[in-house]
Amino acid sequence: TLGDDIFGCSDDVFFLLVDGIFTSVNWTDQSSDPSLPVTESGVYYVDVTLGTCEATDTIQVEIIESPDYLGPEIVDLCVGEEFLFQLNNPLYTIEWFDGSPNSERVFTEAGEYAYTLTNEFCISSDVLQINVIDLTSFSLGDDISLCGEVEAVLTGNLNFDAITWSDGSNDESLTVFETGMYYAEIN
């Protein structure tokens, strides 16, 4: 027999197994292996044959959605900013790395913060990564003077994801040939 009905979580894969050696095995999906991987709720059956004898068994499988936080997993903050983690599903409970059960939590420091979510039957674990970006030392350098046909190459002094120069370009540096006011915006 296939045994008792199964309740499981969506993160799991279950294998239904026929117990014994048979001439033929025929599952719900028409496969003939002695085991059937199951990832969806439903009623599954198996027909087995041994010689001229046949038997059928069914089993109900109920897959329950594992808890999942739908917010960001990686958060980039500028120095002085904060991120408010909110677990907005009242059917979930949370336990943080430090044992705290708070469904709302404010983060201001860089780090990896592990947590475990639980719903009625299922448990899942994840990590929230907070990056704090310090742009306080970003500078294009001292003012410079250009004479004649001399050029200057302006660069920032930090690693950054994106830069937009005063002329709208997005290159890592800006080559200038004329006196003027130049600026950069970084992300």
Side-chain angles (χ1 to χ4, degrees), residues 1-135 159-162 187:
T1 69
L2 294 175
D4 296 332
D5 291 346
I6 296 175
F7 291 90
C9 301
S10 60
D11 293 340
D12 300 327
V13 175
F14 299 93
F15 289 90
L16 303 179
L17 304 170
V18 293
D19 189 21
I21 299 174
F22 300 97
T23 309
S24 69
V25 174
N26 187 28
W27 290 99
T28 307
D29 67 353
Q30 305 305 311
S31 64
S32 59
D33 292 334
S35 66
L36 178 71
V38 174
T39 58
E40 296 180 6
S41 296
V43 176
Y44 294 85
Y45 70 85
V46 64
D47 293 323
V48 294
T49 305
L50 183 57
T52 59
C53 300
E54 293 182 22
T56 299
D57 195 9
T58 61
I59 189 169
Q60 172 75 39
V61 176
E62 181 73 28
I63 304 293
I64 298 160
E65 192 66 32
S66 295
D68 190 20
Y69 170 63
L70 300 177
E73 294 180 6
I74 299 173
V75 176
D76 293 327
L77 300 175
C78 294
V79 170
E81 291 182 335
E82 62 183 36
F83 172 71
L84 175 61
F85 178 99
Q86 294 178 300
L87 183 61
N88 291 329
N89 190 326
L91 300 177
Y92 297 171
T93 58
I94 190 168
E95 183 175 343
W96 288 97
F97 62 96
D98 60 2
S100 167
N102 297 338
S103 62
E104 291 190 356
R105 189 167 184 155
V106 175
F107 293 91
T108 58
E109 295 182 18
E112 292 185 350
Y113 301 93
Y115 60 90
T116 300
L117 298 176
T118 306
N119 64 13
E120 188 177 4
F121 296 102
C122 302
I123 296 173
S124 64
S125 297
D126 209 341
V127 174
L128 174 66
Q129 180 180 329
I130 304 290
N131 302 315
V132 177
I133 302 164
D134 184 358
L135 299 178
N159 290 330
F160 40 82
D161 291 334
N187 293 322

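Any value given below was found using the heavy atoms of this structure, including those in side chains, with hydrogens, waters and symmetry copies removed. What you see is a predicted model, and the numbers here were worked out from it, not measured in a lab.
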The complete set of disulfide bond (SG atoms under 2.5 Å apart) pairs with one or both residues in residues 34-82, sequence neighbours excluded, reads none

Nearest heavy-atom approach of V25 to D33 is CG1-O, 3.6 Å

Across all chains, not counting sequence neighbours, the side-chain contact (heavy atoms from CB on, under 4.5 Å) partners of E95 are none

Donor-acceptor pairs are to be reported for all side-chain atoms of residues 4-13 against protein atoms at under 3.5 Å, with residues two or more places apart or in another chain.
{"residue": "D5", "atom": "OD1", "partner": "Q60", "partner atom": "N", "Å": "3.0"}
{"residue": "S10", "atom": "OG", "partner": "S66", "partner atom": "N", "Å": "2.9"}
{"residue": "S10", "atom": "OG", "partner": "S66", "partner atom": "OG", "Å": "3.3"}
{"residue": "D11", "atom": "OD2", "partner": "S66", "partner atom": "OG", "Å": "3.3"}

Report task. Show the numbers, then the answer: is there a side-chain hydrogen bond (donor to acceptor under 3.5 Å, both in side chains) between D29 and S31? Result -> CA-CA 6 Å; D29 67 353; S31 64; 2.6 Å; yes

Does [X] have any side-chain hydrogen bond (donor to acceptor under 3.5 Å, both in side chains) partners at least two apart in sequence or in another chain, and if so, which?
| X | result |
| --- | --- |
| S125 | T116 |
| T52 | none |
| E104 | Q86 |
| N102 | S100 |

Ignoring hydrogens and angles, write down the donor-acceptor pairs under 3.5 Å from the side chains of residues 35-46, residues two or more places apart or on other chains.
{"residue": "S41", "atom": "OG", "partner": "I63", "partner atom": "N", "Å": "2.6"}
{"residue": "S41", "atom": "OG", "partner": "I63", "partner atom": "O", "Å": "3.3"}
{"residue": "Y44", "atom": "OH", "partner": "E40", "partner atom": "O", "Å": "2.8"}

**N119 side-chain N/O to E65 backbone N/O, donor-acceptor pair under 3.5 Å** = yes

Q.
Test your reading of the model: is there a side-chain donor-acceptor pair from T49 to the backbone of T23, 3.5 Å cut-off?
A. no

Across all chains, not counting sequence neighbours, the salt bridge (Lys or Arg N to Asp or Glu O under 4.0 Å) partners of D98 are R105

Separation between [atom1] of [X] and [atom2] of [Y], rounded to the nearest 0.5 Å:
| X | Y | atom1 | atom2 | value |
| --- | --- | --- | --- | --- |
| L16 | L2 | CG | CG | 6.0 Å |
| N89 | D68 | CG | CG | 10.0 Å |
| E81 | I130 | CD | CD1 | 11.0 Å |
| S124 | L117 | OG | CG | 4.5 Å |

Here the ring-ring contact (aromatic ring centres under 6.0 Å, His included) pairs for residues 84-132, sequence neighbours left out, are Y69-F85, F85-W96, F85-Y115, W96-F107, W96-Y115, F97-Y113, F107-Y113

Note to self: In the structure I gave you, are the side-chain heavy atoms of P67 and C122 within less than 4.5 Å of one another anywhere?
What the structure shows: yes

So salt bridge (Lys or Arg N to Asp or Glu O under 4.0 Å) across residues 41-54, not counting sequence neighbours, yields none

Review point. How about L91: does its CG atom have over 12 heavy atoms from other parts shown lying under 6.0 Å from it?
Key: yes

| said: The test is side chain to side chain contact (heavy atoms under 4.5 Å, CB included); show your working for V132 and V79 and say whether it passes. | reply: CA-CA 6 Å; V132 177; V79 170; 4.0 Å; yes

F83 meets the ring-ring contact (aromatic ring centres under 6.0 Å, His included) criterion, sequence neighbours left out, with none

